[in-house]
Amino acid sequence: MDFRYTQIQQDLIEAASAMLNGENTLDRLRDLINERKTGQIAINAQGSGLSHIWGQFSEVGLLGLMAREADGGLEQPLVLMAGVAEAAGYVALPEPLIELAGIVVPLLSQMNKPECLTQVLEGRLLVGIITPLLPFNNTTAYHDMFIVTSEMGGELVLKKDLNLESRKSIDPLRKLAKANKPSSQNALADYHGAVLSAAQLLGLSKRMIDMSCDFAKKRHQFGRPIGSFQAIKHQLATAYMQIEFTRPMIQLAALQGGVAVHNAKLTAIDTAMLVIETAIQVHGGMGYTYEVDLHLFMKRAWALCGEWGDRNYHMKKLEEYLLNDEMDIGQIQTFIQEN
């Protein structure tokens, strides 16, 4: 299977990455944390609490990446959205762009809600999701309505008709709430959610390794950069290789679906946990502290590990595939046969 992006797809991902890196800086993340500590929300020119970056999402077409061309979108596949999700994870984007563009937009198409979809693509409407595998919603203060998922799609419910209970998050950049509204699992939402959360974990892992490498070059011990010591080199190399092995698994899941989705999310969780442990060790343990920017990415990774199915959920799904004879296993399937 060919995992390579077309030139157009690669250009789209690089443009999204450049915009996210330029706008969602570490200084911005720190400012957002300070705003939330003081309870202040910056109001933009349109009188909304949404950050200025939302307007750019719409202008550059990120909200419509997966929307049909007939609806004004770019009609790109999930594998491209996974590349954008990795870029969003790399900068620890606090806004739910990936959820909106990669899950809500396809769901609205599935539900045949063209008017609502148009407003979402224009950045005038922010829709959240209430579904069993997403226990909490982020930035509900800005949502106008929610999709309560069902097996065949879902229903749109206004925020004022829901009882949203505030919840604390380990991630200081996320403001969570839980809706006491029953919902059912939706195959499309579960599929996209697992793949895109795995891709964000991959981006977070890559950023934490990059930060650790930079720190290892600057931090000196015994008159030398600590990155020159084999113990540090080997840990970083092992974590980096794990990241590179995880990416094609996520791409396969986006292209193929099925059991590959559970494999991808499991691998992304394990990769993130390995990278977190490595990054903390390279930083001498202080990576967990508030003063070091690493903790922003670490805590986001911890949070995403539990969304759209945690490790136990996806391990259980793999177990069902194996025990129900739904997966071809054995020597013939595992190893390449010579002709």
Side-chain angles (χ1 to χ4, degrees), residues 1-29 51-69 72-106 120-123 173 192-193 195-214 239-256 264 267-268 271-272 275 293 296-297 300-301 304:
M1 185 173 289
D2 190 348
F3 293 141
R4 290 174 297 181
Y5 294 112
T6 66
Q7 187 59 52
I8 293 177
Q9 290 174 333
Q10 189 63 47
D11 290 344
L12 283 171
I13 293 172
E14 290 177 358
S17 179
M19 191 274 282
L20 292 170
N21 277 282
E23 294 294 331
N24 197 62
T25 61
L26 290 172
D27 288 339
R28 177 178 186 259
L29 295 180
S51 61
H52 72 283
I53 202 172
W54 272 109
Q56 296 189 47
F57 291 158
S58 177
E59 288 173 9
V60 301
L62 292 181
L63 297 178
L65 281 175
M66 297 196 70
R68 294 172 301 204
E69 289 187 4
L74 299 177
E75 204 165 340
Q76 291 297 317
L78 181 59
V79 68
L80 178 131
M81 194 69 222
V84 176
E86 181 180 343
Y90 189 83
V91 300
L93 182 71
E95 286 84 1
L97 164 68
I98 304 305
E99 175 187 297
L100 191 66
I103 308 172
V104 168
V105 167
V120 169
L121 298 184
E122 293 175 352
L173 287 163
H192 286 209
V195 170
L196 296 177
S197 61
Q200 289 181 80
L201 283 170
L202 183 67
L204 289 161
S205 298
K206 181 66 166 61
R207 183 63 177 272
M208 287 187 282
I209 284 300
D210 287 349
M211 295 173 77
S212 299
C213 287
D214 290 340
Y240 179 80
M241 288 299 296
Q242 186 69 23
I243 290 171
E244 293 304 306
F245 276 116
T246 301
R247 184 174 292 107
M249 296 187 71
I250 295 173
Q251 293 172 327
L252 177 64
L255 292 168
Q256 184 173 292
T267 306
T271 297
V275 168
D293 291 327
L296 299 173
F297 301 86
R300 176 67 55 80
L304 289 180

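The analysis underlying the following values was restricted to heavy atoms, covering all of them including side chains, and did not include hydrogens, waters or symmetry mates. Just so you know, residue 1 is the first one in the sequence shown, and it goes up from there.
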>> Checking Q9 against Q76 for the side chain to side chain contact (heavy atoms under 4.5 Å, CB included) test, could you report, in this order, the C-alpha distance in whole Å, the side-chain angles of both residues, the deciding distance, and whether it holds?
In response: CA-CA 8 Å; Q9 290 174 333; Q76 291 297 317; 3.5 Å; yes

In residues 84-91, what donor-acceptor pairs under 3.5 Å come from side-chain atoms, sequence neighbours left out?
| unit_1 | atom_1 | unit_2 | atom_2 | d |
| --- | --- | --- | --- | --- |
| E86 | OE1 | R247 | NE | 3.2 |
| E86 | OE2 | R247 | NE | 3.4 |
| E86 | OE2 | R247 | NH2 | 2.8 |
| Y90 | OH | D210 | OD2 | 2.6 |

Shortest non-hydrogen contact between [X] and [Y], atoms and distance:
X	Y	result
L62	A16	CD2-CB, 3.7 Å
N24	P94	OD1-CD, 3.4 Å
W54	L63	CZ3-CD2, 3.9 Å
A101	P106	O-CD, 3.7 Å
G73	L121	N-CD1, 4.5 Å
E23	R28	O-CD, 3.4 Å

[X] (side chain) donor-acceptor with [Y] (main chain) under 3.5 angstrom:
X	Y	answer
H192	G102	yes
R300	Q200	no
E14	D11	no

Is any side-chain heavy atom of [X] less than 4.5 Å from a side-chain heavy atom of [Y]?
X	Y	answer
L80	T6	no
M81	V195	no
L12	L74	yes

>> Does atom CG (L26) have a neighbourhood of more than 12 heavy atoms from anything else shown, all under 6.0 Å?
In response: yes

> More than 12 non-hydrogen atoms from neighbouring residues, nucleotides or ligands closer than 6.0 Å to OH on Y5, yes or no?
Replying inline: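 Result for OH/Y5: enclosed.
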
>> Could you measure the distance from the CD1 atom of I243 to the OG1 atom of T267? Nearest 0.5 Å is fine.
In response: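 I243 CD1 to T267 OG1: 13.0 Å, rounded to 0.5 Å.
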
>> Just by distance, no angles: are the side chains of T246 and T271 close enough, under 3.5 Å, to form a donor-acceptor pair?
In response: yes

